[in-house]
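Remember, it's 1-based here, ligands and their atoms both numbered in the order they're listed. Computation of the quantities below employed the complete heavy-atom set of this structure, encompassing side-chain atoms and omitting hydrogens, waters and symmetry-equivalent molecules. Note that the numbering runs from 1 along the sequence shown for the chain. Predicted model, so just to flag it, every value in this text is computed and none were measured.
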Amino acid sequence: MASLFAGRRRWLVAGALGAALVAAAPVALATNGSDNADARSSAGTGDRTADVRAAVQGGHARNVILFIGDGMGQSEITAARNYERGAAGRLAMDELPLTGDYTTYAVEQNNPAKPNYVTDSAASGTGWATGTKTYNGAISVDAYGNDVPTILELAKRNGLRTGDVTTAEVQDATPAVLGAHVVNRDCKGPVETTAKCAKNAKENGGLGSIAEQLVQTRPDVLLGGGAKYFNQQVTAGKFKGKTVLDQAKAAGYTVVNTAADLAAAKKGKPVLGLFADGNMPVNWTGPAAVHGGTAPTRCAPNPKLPATQPKLADQTRKALELLDDRRSDKGFFLQVEGASIDKQDHAADPCGQIGETVDFDAAIAAGTAFARSHPDTLVLVTADHGHSSQIVEPAATPGLTATLITNEGANMTLAYGTAEAGGSQSHTGTQVRIAGLGPQAANIVGLTNQTDLFGTLKRALKLR
Ligand SMILES: [Zn+2]
């Protein structure tokens, strides 16, 4: 975490993006955060017309890096920016030259004409992964439970290398939608699938649980938590009685469990990184929001974070190294999820939430650094849905609040008003930001629908 009052000068550089764009053209992008703050002018009112025009590129992208901040609405972005960079500072995700919003709604099961205004991660992920609106809980099946092909499956079919990276269980909804099709997001392993997704269960002739299907889809890079589901036994077929991990090894996966093992993994074989039994532990800790608020406080590093656990930025850089092969005429599709922004927002834990947003932003910086040296790369940053946290005046709410002291030394109060203490805060139905750079990124400008992103990705990678 940056020290208090570090980099005061960057508070003066709001709107310096234009200058950065000119300096970095044609990949219109500044380096992350405060690093080059001194190099920026403070000409916040400059005419950016030419810079924006230069950022609009048609054509095709060799590579796509899609960053998903789970539950990362504008309020979550603003809270993280205020805390880490200061109100006038900029996160790495703020430096992307083109931005828009998209709508995130789900639809009713068996009635896709009827909207459900508040989506979950399963329906929203299915939206960009397949271009199909579906019901909450659905993993890349339509409103009637029929499988629909995903962008990662299409990328593989077209000969691209593929990656799926998260801080959650790899069977969690956002990573799952790329490589599995089940009627209920809870069907993470064979046991849950037998109980809740009879139609998908192996013993009934289905494709199996999310864990099994991810192995069968076989992305070149699959990194996150969720090891416990790989220890379950397959119920039918060639691997009956063996574990899902056995199945993954038979599919050629190199399995790694620590940051050091991940760093040592070699190109050429698919890599399965399982860094936790469940979701990966979060980076920061602090007081949960309570009725009447907390005393102003600073966030602290999570003492329970295992030293062997890779950061999301480490996972991202390694995935890029493994997927990038300039000798091949084909590029790659990579999705990277910062998953626990959402999970800590559900828990009304502002430090947990902000720490995960900052960690996710460091992964984005790794992605945009790659794009600077590989300008045929489309980088997109978005969320799957909004969430509860709001930046409010102290004592302005009957809900749960906590007050944090930001790096610039000011108090910031966050309110969570959609569940009682100990309950799970609600997603919201707001439109969310989508930002990008590179070929085809212009298609995110203005207001689009989450399902439109599928078409943008498909067009950018020229997939058939
Ligand atoms: Zn959630």
Is any side-chain N of the basic residue among D220 and R161 closer than 4.0 Å to the acidic one's carboxylate O? no
Does one side chain, of E337 or T174, offer a donor that lies under 3.5 Å from an acceptor on the other? yes
Below 2.8 Å, which protein N, O or S atoms neighbour the Zn ion (ligand 1), ignoring water? D342 OD1, D342 OD2, H346 NE2, H427 NE2
Taking K318 first and then D261, would you say they form a salt bridge - that is, a charged N and a carboxylate O separated by under 4.0 Å? no
Ring center gap for F370 and F67 short of 6.0 angstrom: no
Of all heavy-atom pairs linking G226 and Q171, the shortest is O-NE2, 3.1 Å
If the threshold is 4.0 Å, N to carboxylate O, is there a salt bridge linking R185 and D172? yes
